[in-house]
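So you know, we letter chains A, B, ... as the sequences are listed, proteins then strands, and number each from 1. The structure presented is a predicted model; accordingly, all values stated were derived computationally and were not measured. Note that these values count all heavy atoms, side chains included, but never hydrogens, waters or copies made by symmetry.
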There are 2 protein chains.
Amino acid sequence: MKKSYHHGELRQALIDAARALVREKGDDGFSLSDACRRAGVSTAAPYRHFADKHEILDEVLAQGFDDLTAGMAAAATAEPAGSPQRILALGHTYLKFAMAEPALFRMMFGQKADTAPDHIVVQRGKSCFGFVVEEVVTFCRLNRVQGDAMLIALQLWTLVHGATGLTIDGDYAKISDAIEVGQILALASDRLLFSLPRRMDAPGPIAGEDHVE
Amino acid sequence: MKKSYHHGELRQALIDAARALVREKGDDGFSLSDACRRAGVSTAAPYRHFADKHEILDEVLAQGFDDLTAGMAAAATAEPAGSPQRILALGHTYLKFAMAEPALFRMMFGQKADTAPDHIVVQRGKSCFGFVVEEVVTFCRLNRVQGDAMLIALQLWTLVHGATGLTIDGDYAKISDAIEVGQILALASDRLLFSLPRRMDAPGPIAGEDHVE
DNA sequence: CTTGCCATGTTAGTAAGTCTAACATATGTT
DNA sequence: AACATATGTTAGACTTACTAACATGGCAAG
């Protein structure tokens, strides 16, 4: 089937090609020309759909945030509400996502310039973190944890984000090939989640109480 | 003083120009041509001193690691040995370094390809982290902390690295303008440092015992 | 001192990439 | 059926990384 002149789905085809190329060649290895070649159009064609290269990548990043959020949501529902496993599953999903598409992850969180609050990438990023906060809020409520859930979520995010960055950039590996990210995450998140003050003035289950010492 | 033909110090001049340009324009905004313009030479001149663009940047990154290590060492000596303040000062220096030269920091830790153990950037990175481990080992010994100091250092590094990345990439700011990195770091590192098992079978000062609750 | 080597610079040119302008074609609305 | 518009193309301007061939001048051997 020859699309003699008009492609028909060029916009989405370019977004898909861009994501695939970022995955294959890295964020700095990606060229618009490459994406055009893959989509079978001339190098001028994208400019009917996007202002510039950056704008295509924004779509890719937004889609990346959607995928990440969806992945975390799926992982969460597989664990009981309020369980520490549910929180840990979020971090695990985050890490796995980044390991599957490191360059995409790096671009998603490395968009320094995009400080405009209404920017598409910023919005998706917000809703992604918003989901994490919701989960932590639930965890704190069900476990009668005292303190600001937002602050706890931020600490966990910071930890997991650090572990993810050091993993996908190969920094752990540069130090030693015996470093286990999982171990670091498990130990540290255990400390962050379970050495918290509890409200003991109310009855009910305390889900985190039976964690390994 | 006209350097009519031969520059004399071109190699170092190019490294300096590269670092300055990375600071000013970001890692993706840096071009070799720019550095040549700033050094006052033609665009072919660098190739007498470096194989390619990447090789200049490697020198910049190595110098960056040296600066970071030196900065942390200076910050450490300003605090008493074995004190938690000394450990926290390392993290603080790490963060400040990255905030001063975000693009440089990102490149220093984002060199995915450089997995060759004898590579100049890898070596400097190793010795940088090695310094941190030494400090944590000292802390653990003076505070009779049980457990692998390396593992504790890795947790702290992971946390601080995450906080640094989320700060310089503006990710905290995208979520909310009320987020304080310092608070996150203080809370989390407190948990990572002070909820550790201690050996109580020996006398001596326990430096961390008087930390704020 | 002079001669010539060679380290280090230059100019010119290639290939790739982003993006613009002017032109071409298909699609669908009247 | 005819035109307006959306969406493609080709040609080209400009930037960049890098190479090849040439130029210059500092320095060492005679």
Side-chain angles (χ1 to χ4, degrees), chain A residues 1-61 103-104 107 110-114 121, chain B residues 1-61 103-104 107 110-114 121:
Chain A
M1 170 178 180
K2 278 287 173 191
K3 306 279 189 181
S4 54
Y5 210 93
H6 286 81
H7 186 287
E9 296 287 348
L10 184 54
R11 184 186 161 90
Q12 189 58 45
L14 284 172
I15 294 173
D16 294 344
R19 179 158 180 178
L21 284 167
V22 166
R23 179 164 32 214
E24 292 167 23
K25 306 200 175 181
D27 46 328
D28 47 332
F30 165 73
S31 83
L32 200 47
S33 312
D34 250 341
C36 291
R37 237 162 281 150
R38 186 160 296 200
V41 294
S42 73
T43 61
Y47 296 92
R48 297 295 170 198
H49 300 272
F50 305 95
D52 54 9
K53 181 182 177 179
H54 200 151
E55 205 167 287
I56 289 192
L57 288 175
D58 281 347
E59 290 293 335
V60 174
L61 303 189
L104 175 62
M107 296 177 78
Q111 293 286 91
K112 176 75 175 174
D114 294 342
V121 178
Chain B
M1 171 179 181
K2 278 288 173 190
K3 306 278 188 179
S4 54
Y5 209 92
H6 286 83
H7 186 286
E9 297 287 347
L10 183 55
R11 183 187 162 88
Q12 190 58 45
L14 285 171
I15 294 173
D16 293 346
R19 180 159 179 175
L21 284 167
V22 166
R23 179 165 30 215
E24 292 168 24
K25 306 200 175 179
D27 46 328
D28 48 332
F30 165 73
S31 81
L32 200 46
S33 313
D34 251 342
C36 292
R37 237 162 278 147
R38 184 159 298 197
V41 295
S42 73
T43 62
Y47 296 93
R48 299 294 171 199
H49 301 273
F50 305 94
D52 55 8
K53 181 182 178 179
H54 200 124
E55 205 168 288
I56 290 192
L57 288 175
D58 281 347
E59 289 293 333
V60 173
L61 302 189
L104 174 63
M107 295 177 78
Q111 293 287 89
K112 175 75 176 173
D114 294 341
V121 177

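- The CG-P distance, from A/L10 to D/dT9, rounds to 8 Å in whole Å.
- Between B/I15 and B/F50, the closest side-chain pair of non-hydrogen atoms falls below 4.5 Å.
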query = Just by protein heavy atoms under 4.0 Å, how would nucleotides 16-22 of chain C read 5' to 3' in B, S and -?
reply = -SSBBBB
request  = Show the numbers, then the answer: is there a salt bridge (charged side-chain N to carboxylate O under 4.0 Å, His left out) between B/E59 and B/R19?
outcome  = CA-CA 9 Å; B/E59 289 293 333; B/R19 180 159 179 175; over 6 Å; no
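- Taking 4.5 Å as the limit, some side-chain heavy atom of B/L10 sits within range of a side-chain heavy atom of B/V41.
- Proximity of a side-chain donor or acceptor of A/D52 to a complementary backbone N or O of A/E55 within less than 3.5 Å is detected.
- Note on A/H49: every side-chain N or O is 4.0 Å or more away from OP1 and OP2 of D/dA6.
- The pair B/D16-B/R38 does not meet the salt-bridge criterion, since no charged nitrogen lies less than 4.0 angstrom from a carboxylate oxygen.
- Taking 4.5 Å as the limit, every side-chain heavy atom of A/L104 sits out of range of all side-chain heavy atoms of A/M107.
- Between the P atom of D/dT16 and the CG atom of B/D28 lies a distance of 13 Å, rounded to the nearest Å.
- For the pair B/L21 CG and D/dT16 C1', the interatomic distance rounds to 14 Å; values are reported in whole Å.
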